[in-house]
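Below is one structure; the comments refer to it alone.
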Amino acid sequence: SLLLLKNNFTIKILKAPFDILAKKDSKVLLIKILEDANSISIETMNEMKKLSKSISASPLIISQKAGFRLQDNIVYQRYGINTINFATFQTSFFHPLFITSNKSGFIIKIIGKKLKQLRENNGLSLASLGLKLSASSRMVSKYESEDSNISLNRALKLEKILGPEIFKQIDLLTSDLSDIFYDTFSD
């Protein structure tokens, strides 16, 4: 909580389902701190999401592990709620976060329009960029037509070619809670 105060948040210590409510300007963050993110029940998760949605807040889980040690500077999801370790939480105040984890590995979201603009500004065809990325021109076209996820390995190649501005930053202070409830079969 000292870190939040140093970054101009007003905080309040809460009881279940959240541990800390932090507010800065119009942004509200509801934080749950756990040793293992896997220890939270689906019912508690649904409560957290419902409360967050009702007060226009972003839920966040800070945990050291989720059955495995959470890596630094990676945003994981636990039933649709951003989940990070404490080191990532500290870093997020000073450096942007870009990498998320899903079942296929580490990914980064591409800003399609920016990718197309920079590819064209650099005089690259779809095919030539695809060749540099080990991807088809059709895949590059797909990346450009929508905001897509790309593997970390391919993102690193793309960053060397076009720079980091094509990647969407993860904002821990905003969450999409449109699908707020999960049943016991979802993860």
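- Atoms CG and CD1, on N149 and I107 in that order, are 3.5 Å from each other to the nearest 0.5 Å.
- Rounded to the nearest 0.5 Å, atoms CZ (F106) and CG (L152) are 7.5 Å apart.
- Side-chain contact annotation: N82 with Q77, donor-acceptor N/O pair under 3.5 Å present.
- When side chains are defined from C-beta on, R78 counts as touching N38, because their heavy atoms get closer than 4.5 Å.
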Show me, pair by pair, the donor-acceptor contacts under 3.5 angstrom made by side chains of residues 88-99, not counting sequence neighbours?
from : atom 1 : to  : atom 2 : distance (Å)
T88  : OG1    : N73 : N      : 2.7
T88  : OG1    : N85 : OD1    : 2.7
T91  : OG1    : A87 : O      : 2.8
S92  : OG     : F89 : O      : 2.7

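- F167 and I111 make their closest contact through O-CD1, 3.7 Å (heavy atoms, listed as atom of the first residue, atom of the second, distance).
- In terms of hydrophobic clustering, with Ile, Leu, Val, Met, Phe, Trp and Tyr side chains grouped at heavy-atom distances under 4.5 Å, I170 and I166 are assigned to different clusters.
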Criterion side chain to side chain contact (heavy atoms under 4.5 Å, CB included) on R69 and Q64, from CA distance to verdict: CA-CA 6 Å; R69 189 180 76 73; Q64 288 310 104; 6.0 Å; no

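- With rounding to the nearest 0.5 angstrom, the CG atom of D19 is 11.5 Å from the CG atom of L21.
- With a 4.5 Å cut-off on side-chain heavy atoms, I61 and M45 count as touching.
- Interatomic distance, OG of S148 versus NZ of K142, reported as 4.5 Å (0.5 Å rounding).
- Heavy-atom minimum distance, M48 versus I40: SD-CD1, 3.4 Å.
- For D25, there are no side chain to side chain donor-acceptor pair (under 3.5 Å) partners at least two apart in sequence or on another chain.
- Residues I108 and L158 have side chains not in contact (no heavy-atom distance under 4.5 Å, counting atoms from C-beta outward).
- A 4.5 Å side-chain heavy-atom check between K157 and S134 finds at least one atom pair inside the cut-off.
- A side-chain contact (heavy atoms from CB on, under 4.5 Å) with I84 is found for one member of I74, L70, L172 and no other, namely L172.
- When every heavy atom of A66 is checked against every heavy atom of D36, the shortest pair comes out as CA-OD1, 3.3 Å.
- Going from atom CG of L115 over to atom CD of E120 covers 9.5 Å, rounded to the nearest 0.5 Å.
- Using a 4.5 Å heavy-atom cutoff, the side chains of I81 and K32 are not in contact.
- Side chains of R154 and Y143: a donor on one and an acceptor on the other come within 3.5 Å.
- Among all heavy-atom pairs drawn from L126 and E144, the shortest one is CD2-OE1, 3.5 Å.
- Counting heavy atoms from C-beta on, the side chains of L129 and N122 never come closer than 4.5 Å.
- With rounding to the nearest 0.5 angstrom, the NZ atom of K168 is 12.0 Å from the OG1 atom of T100.
- One hydrophobic cluster holds both L60 and I13 under the rule that ILVMFWY side chains link at heavy-atom gaps under 4.5 Å.
- For the pair S52 and P59, the tightest heavy-atom approach, listed with the atom from each and the gap, is OG-CB, 3.4 Å.
- Between the side chain of S58 and the backbone N or O of L173, at least one donor-acceptor pair lies under 3.5 Å.
- In the hydrophobic cluster analysis, where Ile, Leu, Val, Met, Phe, Trp and Tyr join through side-chain heavy atoms closer than 4.5 angstrom, L5 is grouped together with F9.
- Counting all heavy atoms, side chain and backbone alike, A22 lies closest to L4 at CB-CD1, 3.9 Å.
- Under the 4.5 Å side-chain contact rule for hydrophobic residues, L156 and L118 share a cluster.
- For the pair Y76/Q71, a side-chain contact is recorded, criterion being any heavy-atom separation below 4.5 Å from C-beta on.
- At a threshold of 4.5 Å between non-hydrogen side-chain atoms, the residues L34 and T83 do not count as touching.
- Hydrophobic clustering (ILVMFWY, side-chain heavy atoms < 4.5 Å, transitive): L29 and I11 are in one cluster.
- Remark: K24 NZ is packed, more than 12 non-hydrogen atoms of other residues, nucleotides or ligands lying under 6.0 Å away.
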